[in-house]
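Take a look at the structure set out below.
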2 protein chains.
Amino acid sequence: MQSDVTDALTSAFFEEWARVGFAALSLERVAKNAGAGKAALYRRWSSKVAMASDLLSKVGLTLFELPDTGSLEADLLAFLLSLRRVLRHRIIQRVTLDLLAEIAREPALERAIRPFQEARRKRVKTVIDRAIARGELPMTIDRETAADFMVSALYWRLVVTGGRSDRRHLKTLARMTAAAISAASR
Amino acid sequence: MQSDVTDALTSAFFEEWARVGFAALSLERVAKNAGAGKAALYRRWSSKVAMASDLLSKVGLTLFELPDTGSLEADLLAFLLSLRRVLRHRIIQRVTLDLLAEIAREPALERAIRPFQEARRKRVKTVIDRAIARGELPMTIDRETAADFMVSALYWRLVVTGGRSDRRHLKTLARMTAAAISAASR
DNA sequence: TTTCGTCGGAACGGTTGCGTTCCACCGCGA
DNA sequence: TCGCGGTGGAACGCAACCGTTCCGACGAAA
């Protein structure tokens, strides 16, 4: 099969997803907007959910490694910069919002994004473990809740409220998150 | 018009919304599940968006006043308890997720929930202002980002990840959030 | 040059929900 | 007792999209 057709269908799919939402997404329009026929689409994927699952699991969000900066706060800033790079994209914002709502009804989608969740979890865990190894954090820390803080504030600002995040905001965020995590021990 | 029919249609609407999502929501099914005819529904509302807007703006989320407890952390705990009461409901979780995605496409919905956003913002602002008045926080604090922290972690845990939040978690959250906010000044 | 697979495009029957209209029924106030 | 308005329910024509099938065109490999 011709890969340029596959690519056109792929990007049309996400454009359309961001525009009208997953439930209202029509494969007929996707094919049309890609300048392709429906046959070409159905030859590759059997249904909307199958197409979404396949594409989601293939999207190569190349995450750079986060080098050890020597302090929790600087590590957090690097992590937040990396997270912001992803969450700033308009299409990713829309698709993420839609995806979260859809996952509750379509378990196949959750399976498809599991690799991403695990990659994120691993990066989060790395930052915390480094801080513990440095002695900045006690081993008794509530890692789960600390992990929540590392993501939630930026997600809230960029995706939920649709707000902005400049470098100063990110620095404040890193400082506040470090303070919060330091208070997570019992 | 008979109010019991209106009530039946209202609760069927939200049930259906939580079950299939806003885009896939069919007014035909809503009427059927309410044990009503389509005519009764269309006599009250002219469309799906109109119905959602009207119902959302009428839902009486009676928020209790938050008494001054004497400290930022205790105020935060009271706020989080109040927020958890709302975010724990299954239907509210689903509808909220769906609503956030839909707002990007349907401005009328944003207008409908604006009163809630403002009520929440006011409560958040009150807690911070009290802490400033007490001298717990400097006046130079980044209120916007502090407000983000008050909501985002619990929202992330309960709504996004579908996790739980017991009393101990809430106490940890209050402690961490207080620490974060205290670090929000520049 | 022939062959073979994919291409874009059009059409198929079937399903679903839209918004509207009509119907017989029922309960309440005059 | 009558009349009227709201009721549940069925049906209407219309539009969109589903998943499938068929077509002639095109291009690369043999």
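Chain identifiers are assigned alphabetically (A, B, ...) following the order of the sequence lines, protein sequences preceding nucleic acid strands; residue numbering begins at 1 within each chain.
Counted within 6.0 Å of NZ on B/K171, heavy atoms from surrounding residues, nucleotides or ligands total 12 or fewer; the atom is thus considered open. Heavy-atom contacts from other residues, nucleotides or ligands closer than 6.0 Å to CD of B/Q117 number more than 12.
One finds the CE atom of A/M150 at 11.0 Å from the CG atom of A/L173 (value rounded to the nearest 0.5 Å).
A donor-acceptor distance shorter than 3.5 angstrom exists from the side chain of B/R134 to the backbone of B/G70, with no hydrogens or angles considered. In this structure, B/S152 contributes its side chain and A/W156 its backbone to no donor-acceptor pair below 3.5 Å. A donor-acceptor pair under 3.5 Å links the side-chain atoms of A/K48 to the main chain of A/A23, judged by distance alone. A donor-acceptor pair under 3.5 Å links the side-chain atoms of B/R175 to the main chain of A/S185, judged by distance alone.
Evaluation of atom-type donor-acceptor distances gives no pair under 3.5 Å for the side chain of A/K38 against the base of C/dG8.
As rounded to whole Å, 24 Å separates atom P of C/dG5 from atom OH of A/Y42. Between the CG atom of A/L41 and the P atom of D/dT20 there is a distance of 12 Å, rounded to whole Å. To the nearest angstrom, P of D/dA28 lies 18 Å from CE of A/M1. For the pair B/Q2 CD and C/dC26 P, the computed distance is 14 Å after rounding to whole Å.
Proximity of residues 43-53 of chain A to DNA chain D (heavy atom under 4.0 angstrom from any strand atom) is not detected for any residue. For DNA chain D, no neighbouring residue in residues 17-34 of chain B is found when judged by any heavy atom under 4.0 Å.
Under the 3.5 Å distance criterion, with hydrogens and angles disregarded, a donor-acceptor pair is assigned to the side chains of A/S82 and A/R123.
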